[in-house]
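Notes follow the structure.
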Amino acid sequence: MPEDEPQQPAGRPRRTRLYALTDGRTAAPHAVLTMDTTITAAAGEDAWGGLPTEWQAVLAMCREPGGRAVAEIAARMHIRLTPMTLLLGELADRGLIHHRSPLAGAETTNVHLLMRIRDNLARI
């Protein structure tokens with residue numbers, strides 16, 4: 001192997017750069033995703049061929065019926081929240097995921113609820 005090629009750690013698949021996964025986006029224009037938005041896969045496994053491995057991983061962990069919260073997906077993928085919302089926005093725009101907010105706008109100001117969410121995320 002030539003010395004100028006970066007070496008990949010043993011046992012870890014090569015990850016695609018985030019700007020490549022989001023087509024260079026810095027904001028998701030159509031999908032409004034918050035950390036508590038629930039994501040479910042809209043496409044079955046047969047439609048995943050040719051998708052980047054990160055997209056496939058997101059779709060695999062967000063299968064019906066339950067789906068997962070944006071914050072949980074970010075934590076499991078070891079990707080920060082803002083880049084994850086961009087990646088999920090790209091998936092939403094392509095029709096690969098469904099998203100729904102579990103809380104009405106008025107409920108997001110409930111401090112006790114936000115503290116429960118924080119505590120549950122800390123357990124992940």
Side-chain angles (χ1 to χ4, degrees):
M1 180 189 312
E3 290 182 23
D4 59 343
E5 284 187 29
Q7 293 185 3
Q8 192 67 19
R12 293 187 75 185
R14 177 169 290 205
R15 292 181 69 172
T16 307
R17 298 214 182 253
L18 287 173
Y19 65 81
L21 292 173
T22 61
D23 288 337
R25 285 186 184 185
T26 57
H30 299 105
V32 177
L33 305 173
T34 60
M35 64 185 271
D36 60 343
T37 300
T38 302
I39 304 295
T40 53
E45 283 187 55
D46 54 333
W48 298 357
L51 295 177
T53 52
E54 288 82 1
W55 289 16
Q56 291 180 23
V58 168
L59 294 171
M61 78 172 69
C62 297
R63 291 187 177 126
E64 291 282 346
R68 298 206 188 265
V70 170
E72 183 178 358
I73 297 166
R76 290 176 183 264
M77 297 281 297
H78 304 285
I79 298 175
R80 292 183 182 190
L81 193 57
T82 299
M84 181 53 68
T85 57
L86 295 175
L87 188 147
L88 293 171
E90 182 68 26
L91 291 174
D93 288 350
R94 292 174 184 247
L96 295 171
I97 61 169
H98 297 295
H99 55 90
R100 67 176 171 79
S101 178
L103 304 173
E107 293 176 4
T108 59
T109 58
N110 181 335
V111 174
H112 297 293
L113 177 62
L114 293 174
M115 289 172 61
R116 281 193 352 235
I117 291 170
R118 181 201 62 202
D119 294 343
N120 286 331
L121 287 173
R123 288 188 216 150
I124 295 177

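Not measured: the values here are computed from a predicted model. Residue numbers count from 1 along this sequence.
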Compare every heavy atom of G95 with every heavy atom of A42, then report the nearest pair and how far apart it is.
CB-O, 3.5 Å
Quick one, H99 and L88 - any side-chain contact, counting heavy atoms below 4.5 Å?
no
Side-chain contact test, heavy atoms from C-beta onward, threshold under 4.5 Å: evaluate it for M35 versus I117 and give yes or no.
yes
Ignoring hydrogens and geometry beyond distance, is a side-chain donor-acceptor pair present between T37 and T34 at under 3.5 Å?
yes
State which residues pass salt bridge (Lys or Arg N to Asp or Glu O under 4.0 Å) with R76; sequence neighbours excluded, sorted by chain then number.
E72
Which heavy atom of M77 sits nearest to which heavy atom of E54, and what is that distance?
CE-O, 3.7 Å
Does L59 reach the side chain of L51, with side-chain heavy atoms less than 4.5 Å apart?
yes
If I take atom CG from residue L86 and atom CZ from residue R80, how far apart are they, to the nearest 0.5 angstrom?
13.5 Å
Going by salt bridge (Lys or Arg N to Asp or Glu O under 4.0 Å), name the residues that satisfy it together with R63, two or more places apart in sequence or in a different chain.
E45
Any non-hydrogen side-chain atom of I97 less than 4.5 Å from a side-chain atom of C62?
no
I'd like to check L91 versus I39 (side-chain heavy atoms, cut-off strictly below 4.5 Å). Are they in contact?
no
Quick one: OG1 on T40 to CE on M61, what's the gap to the nearest 0.5 Å?
14.0 Å
